[in-house]
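Computed from a predicted structure; not experimentally measured. The first residue in the sequence is number 1, and the count goes up from there.
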Amino acid sequence: MNSILMNQAIQAFLLEDIGQHDLSSDSIFSSETMGEGVFIAKETGILCGIAIPPLVYEILGGNVHFEAVKKDGDTIKKGDIIATVSAPVRTLLSGERVILNLMQRMSGIATQTHIAIKQLDDSTIRICDTRKTAPGLRAFDKYAVQSGGGFNHRNGLYDGVMLKDNHIAFSGGITEAVSIAREKLGHMVKIEVETETASQVKEAVQAGADIIMFDNRTPEEIKQLVKLVPDHITTEISGNITLDNINHYKGSGANYISLGSLTHSVSALDISFNSKGGIKA
């Protein structure tokens, strides 16, 4: 997990939520008042984001003792204690919502990824994410996919070439698009091409694509299209794949399945933070 990037993002999240100060907590508790709390799972799933509370607490002033009981990637069940913490009450309460928002979302993504892998039930195909992440949360979302057992696609437009339908249309075709990109980028950068038909797959192979995506194709179509691709070229399936139908792609022969739903349609995993024993003297 990129702690520097996440630390910068968390500072922005806290500014959004707290502003100059927490009116509720600051009006009741002094900065010296200490308290204890516990993070508890409210439903079963895969935990992700256990490093978030310490990051938040440190930004809010430190003087915190945080003890994780579970780690990222662990299965948690309803009622499980995830972590305990002792800190100034102001810190505990001011950081609560940002911590829970992130941990619940990240755990939801990790859980969704884990379920997708189980549903597919094919160790020869890797489940990966897409760029369909919430703005500002990509680093968190993609780490959560890894915690759930999945893999990351490119992080952004800056670290991978994917020639989609509009790139191809504006360039005049797959051959032209790949040729121009290869000439400018050289042989060290991999180029992925989105395809929909057998003729496009053949053209992408001939053009020298490193990765070929089969976009919005049925499992039966995938099995036929894969036969057109030499073994040295990586293949990816994407489009209209859900947890309900992903098992149909088992044994399709592709290397990856990318799922935008892992991050853009996530349901948060319910986690709560409760005070423990009132004020600590």
Side-chain angles (χ1 to χ4, degrees), residues 45-46 105-106 108-135 137-138 141-142 144-157 160-171 173-174 177-178 190-205 209-229 233-269:
I46 304 298
R105 177 181 174 85
M106 294 171 74
I109 291 172
T111 301
Q112 186 94 332
T113 303
H114 178 76
I115 292 172
I117 293 169
K118 292 294 185 182
Q119 291 286 88
L120 175 62
D121 190 28
D122 187 338
S123 61
T124 67
I125 303 176
R126 291 181 169 184
I127 300 294
C128 63
D129 51 35
T130 71
R131 286 169 46 241
K132 295 179 181 178
T133 56
L137 292 175
R138 183 165 297 172
D141 288 359
K142 283 185 169 286
V145 169
Q146 291 181 328
S147 293
F151 294 81
N152 294 148
H153 208 281
R154 58 180 178 166
N155 286 310
L157 296 175
V161 177
M162 180 185 290
L163 303 179
K164 298 173 72 67
D165 53 355
N166 285 330
H167 296 95
I168 293 166
F170 280 125
S171 300
I174 290 174
V178 173
K190 291 187 176 182
I191 296 175
E192 179 167 2
V193 176
E194 181 182 277
T195 64
E196 294 184 350
T197 66
S199 61
Q200 288 179 333
V201 171
K202 292 177 182 177
E203 185 178 358
V205 170
D210 301 291
I211 307 166
I212 294 178
M213 175 194 286
F214 308 122
D215 188 42
N216 289 303
R217 300 299 94 194
T218 66
E220 292 72 25
E221 290 173 319
I222 298 296
K223 290 177 182 179
Q224 297 305 312
L225 293 173
V226 165
K227 296 177 182 178
L228 303 176
V229 182
I233 297 178
T234 300
T235 54
E236 176 185 342
I237 308 169
S238 187
N240 292 321
I241 302 173
T242 67
L243 294 182
D244 293 328
N245 66 20
I246 193 171
N247 62 303
H248 297 159
Y249 292 85
K250 179 179 180 178
S252 63
N255 302 118
Y256 290 88
I257 293 178
S258 55
L259 293 171
S261 61
L262 295 180
T263 54
H264 74 58
S265 301
V266 61
S267 294
L269 190 74

Within this structure, what is the [atom1]-[atom2] distance for the pair [X] and [Y], rounded to the nearest 0.5 Å?
X	Y	atom1	atom2	value
K250	L120	NZ	CG	8.0 Å
S199	I174	OG	CD1	7.5 Å
L262	H153	CG	NE2	12.0 Å
L163	I168	CG	CD1	6.0 Å
K223	S252	NZ	OG	7.5 Å
I237	I212	CD1	CD1	13.0 Å

Can you name the nearest heavy-atom pair linking A254 to V226, along with the distance? N-CG2, 4.2 Å
Any idea which heavy atoms bring I125 and Y249 closest together, and the distance?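 Heavy atoms only, the tightest pair is CD1-O, 3.6 Å.
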Partner residues of K190 under the salt bridge (Lys or Arg N to Asp or Glu O under 4.0 Å) criterion, sequence neighbours left out: none
For the backbone of [Y] and the side chain of [X], can you confirm whether one donor and one acceptor N or O come within less than 3.5 Å of each other?
X	Y	value
R138	R131	yes
N255	T235	yes
S258	C128	no
Q224	E221	no
S171	G173	no
D215	E196	no
N152	K142	yes

Have a look at I117 and tell me which of T113, D121, I115 forms a side chain to side chain contact (heavy atoms under 4.5 Å, CB included) with it. T113
Output yes when R105 and D141 qualify as a salt bridge under the 4.0 Å nitrogen-oxygen rule, no when they do not.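 Yes, R105 and D141 are salt-bridged.
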Sub-4.5 Å side-chain heavy-atom contact between [X] and [Y]:
X	Y	result
E192	R154	no
V205	L228	no
Y256	T234	yes
V229	F214	yes
N166	K164	no

Are H248 and N245 close enough, and set up right, to give a side-chain contact (heavy atoms from CB on, under 4.5 Å), and what steps lead you there? CA-CA 6 Å; H248 297 159; N245 66 20; 3.8 Å; yes
Does a side chain donor of either [X] or [Y] reach within less than 3.5 Å of an acceptor in the other side chain?
X	Y	value
H167	E194	no
D244	T242	no
T263	D129	no

Could you go step by step and tell me if V178 and V193 meet the side-chain contact (heavy atoms from CB on, under 4.5 Å) rule? CA-CA 8 Å; V178 173; V193 176; 3.6 Å; yes
Carefully, step by step, assess Q112 and L243 under the rule side-chain contact (heavy atoms from CB on, under 4.5 Å). CA-CA 9 Å; Q112 186 94 332; L243 294 182; 3.7 Å; yes
Kindly determine whether I246 and L259 satisfy side-chain contact (heavy atoms from CB on, under 4.5 Å), including the steps that lead there. CA-CA 10 Å; I246 193 171; L259 293 171; 3.9 Å; yes
